[in-house]
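These notes concern the structure reproduced below.
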Number of protein chains: 2
Amino acid sequence: MDQEKMDRRIAKTRIAIKNVFTELIDEIGFDAVTVKNITDKANINRSTFYLHYRDKYDLLEKSEEEIIQKIEEISKSIRRLTPKELNNLYSDNKPFPFVIKLAEYFRDNAAFLKVILGPKGDLSFQEKIKTILEKNIVENVRAIFGEGTFHVPIDVFMAYIISAHVGSILHWLNTGMKQSPEEIATIIFNLTFQGPVNAIGFKKFQ
Amino acid sequence: MDQEKMDRRIAKTRIAIKNVFTELIDEIGFDAVTVKNITDKANINRSTFYLHYRDKYDLLEKSEEEIIQKIEEISKSIRRLTPKELNNLYSDNKPFPFVIKLAEYFRDNAAFLKVILGPKGDLSFQEKIKTILEKNIVENVRAIFGEGTFHVPIDVFMAYIISAHVGSILHWLNTGMKQSPEEIATIIFNLTFQGPVNAIGFKKFQ
DNA sequence: AGATTAATAAACACAGTGTTAATTATTTTG
DNA sequence: CAAAATAATTAACACTGTGTTTATTAATCT
């Protein structure tokens, strides 16, 4: 929180621990990481670790909590769209601002996010991200469709697009972020609004 | 493999281990599971465990391997569709046979799959499932579109629909499988071909 | 410069690991 | 069914990591 008033030794130690932690998860996977691993690699005494974190799960939780809070801030900072505004986005082929901001945040924190969301990371973290996304999308869906009936079960629809969004951004992150945040957001927007099969250029045969 | 010729004691022990293993992952998460946990709960001697598996990772690997092989069999057993056949599916609103079969297999093995693909499970397993799906879809895409240019990057398209498919089926599994395998496959098919936003019934405002 | 606080070092009992060897129990087979 | 084969058990082993404590050293803040 208040990184300003923090004793330099504390700040230094925590940064060292977190950096080494990220590296180790990447190298051997979270559950293989030991406290001893961390302190050896960070060149600090094992007791020092316990002055800051209860155990490796506490460290994981606190590292994730920082990210979650930031993403929730981003989500809250963006005003809900009116049906009219959404319509304009659709006409102008402009992606949701939230998805752009999300991609930007992922880009700026790629090191930790790649690892923690990767195959050696923490599956429950993906769920937490999805929950934030869900909150965000639910509100937009309500605003646009009201409580009317849908052609497909709304819960499956939600699961579909949330998984698709997270999966796409993660793919983008893991393949070197070849597009800008705006570009990847636009691609995802098109896949969602035109539908993947139309977006890619499928024409019905006759 | 040859469960026929297996000594009854071996079969009994391995089934006991695998059942308890699934329960424990569900209860405390894979990385918290210890060999001692497993053998205590299964009421077998700890040494017995080591007669069958090298460690808990070996057990995980072998449990996953069975599933992967079955899903790969399913994938291979289904003939590739011709563009004409795909067109017919599209016209008749009939889902891909592979997706139906996949949903059926998930339904029939829900206990282990729910746990291993859940937040306390193994993230790398989801990747393995996605890899099989990718192989399957790539062939269909090639058959239909050839090597032509696409309106969106093909890799993002793939990541999008694969994540969407896995995410939807997992959601279906975790919420009590309210639809039949055919139904959920049809829903996913519609979301993919019409696009999520159209499928749900969105009409452009004017 | 002195007071404060963080980091270190060394020791502790404790959990679980993976292996071994001898013994007991069950299953297979001839 | 009895003998042979093999699986499971028991108990012991050294080893690695955990989480905590206490005294000492070192860095920082005021």
Side-chain angles (χ1 to χ4, degrees), chain A residues 1-66 115 120-122, chain B residues 1-66 115 120-122:
Chain A
M1 313 279 156
D2 295 22
Q3 255 157 336
E4 323 304 332
K5 297 178 179 180
M6 202 181 272
D7 191 304
R8 282 176 194 170
R9 289 167 294 184
I10 295 184
K12 229 171 65 181
T13 301
R14 293 200 182 157
I15 287 169
I17 289 177
K18 287 197 177 165
N19 287 342
V20 161
F21 184 50
T22 304
E23 288 167 29
L24 279 171
I25 296 175
D26 192 30
E27 286 167 21
I28 59 177
F30 170 73
D31 53 323
V33 173
T34 66
V35 172
K36 200 171 178 307
N37 273 348
I38 296 169
T39 55
D40 283 357
K41 194 162 185 173
N43 257 304
I44 59 168
N45 198 276
R46 196 163 61 85
S47 324
T48 306
F49 178 93
Y50 291 106
L51 294 174
H52 298 276
Y53 305 100
R54 202 173 55 253
D55 50 32
K56 69 166 177 167
Y57 300 97
D58 188 41
L59 170 58
L60 177 71
E61 207 173 282
K62 284 177 175 154
S63 306
E64 289 180 350
E65 190 48 40
E66 282 178 28
V115 186
K120 294 171 183 169
D122 173 22
Chain B
M1 316 277 155
D2 295 21
Q3 256 156 337
E4 324 304 332
K5 297 177 178 180
M6 202 180 274
D7 191 302
R8 281 177 195 170
R9 290 167 293 183
I10 295 183
K12 229 172 63 181
T13 301
R14 293 197 182 160
I15 287 168
I17 289 177
K18 288 198 176 163
N19 287 342
V20 162
F21 184 49
T22 304
E23 288 166 30
L24 279 172
I25 296 175
D26 193 28
E27 286 167 19
I28 58 177
F30 170 73
D31 54 322
V33 173
T34 65
V35 172
K36 200 171 178 302
N37 272 347
I38 296 168
T39 54
D40 284 355
K41 193 161 185 173
N43 257 305
I44 59 167
N45 198 277
R46 196 163 62 85
S47 321
T48 307
F49 178 92
Y50 292 104
L51 294 174
H52 298 275
Y53 306 101
R54 202 174 55 255
D55 50 32
K56 69 166 178 166
Y57 301 96
D58 188 43
L59 169 59
L60 177 71
E61 206 174 284
K62 283 176 175 154
S63 305
E64 289 180 351
E65 190 48 39
E66 281 178 27
V115 186
K120 294 171 184 170
D122 173 21

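Chain naming here is simple, since letters A, B, ... match the order of the sequence lines and numbering starts at 1 in each. Every heavy atom of this structure was used, including side-chain atoms; hydrogens, water molecules and symmetry mates were not.
Computed from coordinates, the B:Asp7 CG to D:dA8 P distance equals 7 Å when rounded to whole Å. Protein atom CG of A:Leu51 is 16 Å distant from nucleotide atom C1' of D:dT28, rounded to whole Å. Note: CD1 (A:Ile44) to P (D:dA26) measures 18 Å, nearest angstrom. The separation between A:Asp58 atom CG and D:dT18 atom P is 14 Å, rounded to whole Å. Computed from coordinates, the A:Asn45 CG to D:dT22 P distance equals 17 Å when rounded to whole Å. One atom, CZ of B:Phe49, and another, P of D:dA8, lie 13 Å apart when rounded to the nearest Å.
Between the side chain of A:Arg46 and the base of D:dG17, no donor-acceptor pair under 3.5 Å is found. A donor-acceptor contact under 3.5 Å is not formed by the side chain of B:Thr48 with the base of D:dA7.
B:Val20 and B:Lys41 make their closest contact through CG1-CB, 3.6 Å (heavy atoms, listed as atom of the first residue, atom of the second, distance). Heavy-atom minimum distance, B:Val115 versus B:Ile25: CG1-CG2, 3.3 Å. Shortest non-hydrogen contact noted between A:Asn45 and A:Thr39 is O-CG2, 3.9 Å. In plain terms, the two heavy atoms of B:His52 and B:Lys62 that are nearest each other are O-NZ, 4.0 Å. Across A:Ala32 and A:Lys56, no two heavy atoms sit closer than the pair N-NZ, 4.3 Å.
Applying a 4.0 Å cut-off to non-hydrogen atoms, the residues of residues 33-40 of chain B that approach DNA chain C are B:Thr34, B:Val35, B:Lys36, listed by residue number.
Residue B:His52 places none of its side-chain N or O atoms closer than 4.0 Å to OP1 or OP2 of D:dA7. Contact check, B:Thr13 against D:dA8: a side-chain N or O comes under 4.0 Å of OP1 or OP2. Residue A:Tyr50 places no side-chain N or O under 4.0 Å from the OP1 or OP2 atom of D:dT20.
Base pairing of C:dA15: no nucleotide in any strand meets the Watson-Crick or G-U wobble criterion (both distances under 3.5 Å). Checking D:dT16 for Watson-Crick or G-U wobble geometry (two distances, each under 3.5 Å) identifies no partner in any strand.
Considering only heavy atoms from C-beta on, A:Phe21 comes within 4.5 Å of A:Leu60 through its side chain. Using a 4.5 Å heavy-atom threshold, the side chains of A:Lys18 and A:Leu59 count as touching.
Put simply, CZ on A:Phe49 and NZ on A:Lys36 are 14.0 Å apart, with the number rounded to the nearest 0.5 Å. Distance check, rounded to the nearest 0.5 Å: CE of B:Met6 to OG1 of B:Thr13 gives 10.5 Å.
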Practice prompt. Kindly determine whether B:Glu61 and B:Arg54 satisfy salt bridge (Lys or Arg N to Asp or Glu O under 4.0 Å), including the steps that lead there.
Written response: CA-CA 11 Å; B:Glu61 206 174 284; B:Arg54 202 174 55 255; 5.2 Å; no
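Nearest-nucleotide positions on DNA chain C for B:Arg9 and B:Arg54 put B:Arg54 closer to the 5' end. Position along DNA chain D of the nearest nucleotide to B:Ser47 versus A:Lys56 favours B:Ser47 as the more 5'-ward residue.
In this structure C:dA15 sits in the syn conformation; its chi angle is within 90° of 0.
Set against D:dT28, D:dA8, D:dT10, the side chain of A:Arg8 has D:dT28 as its closest nucleotide.
In 5' to 3' order, the nucleotides of DNA chain C bounding all contacts with chain A (an atom under 4.0 Å from a heavy atom) are C:dT5 to C:dA10.
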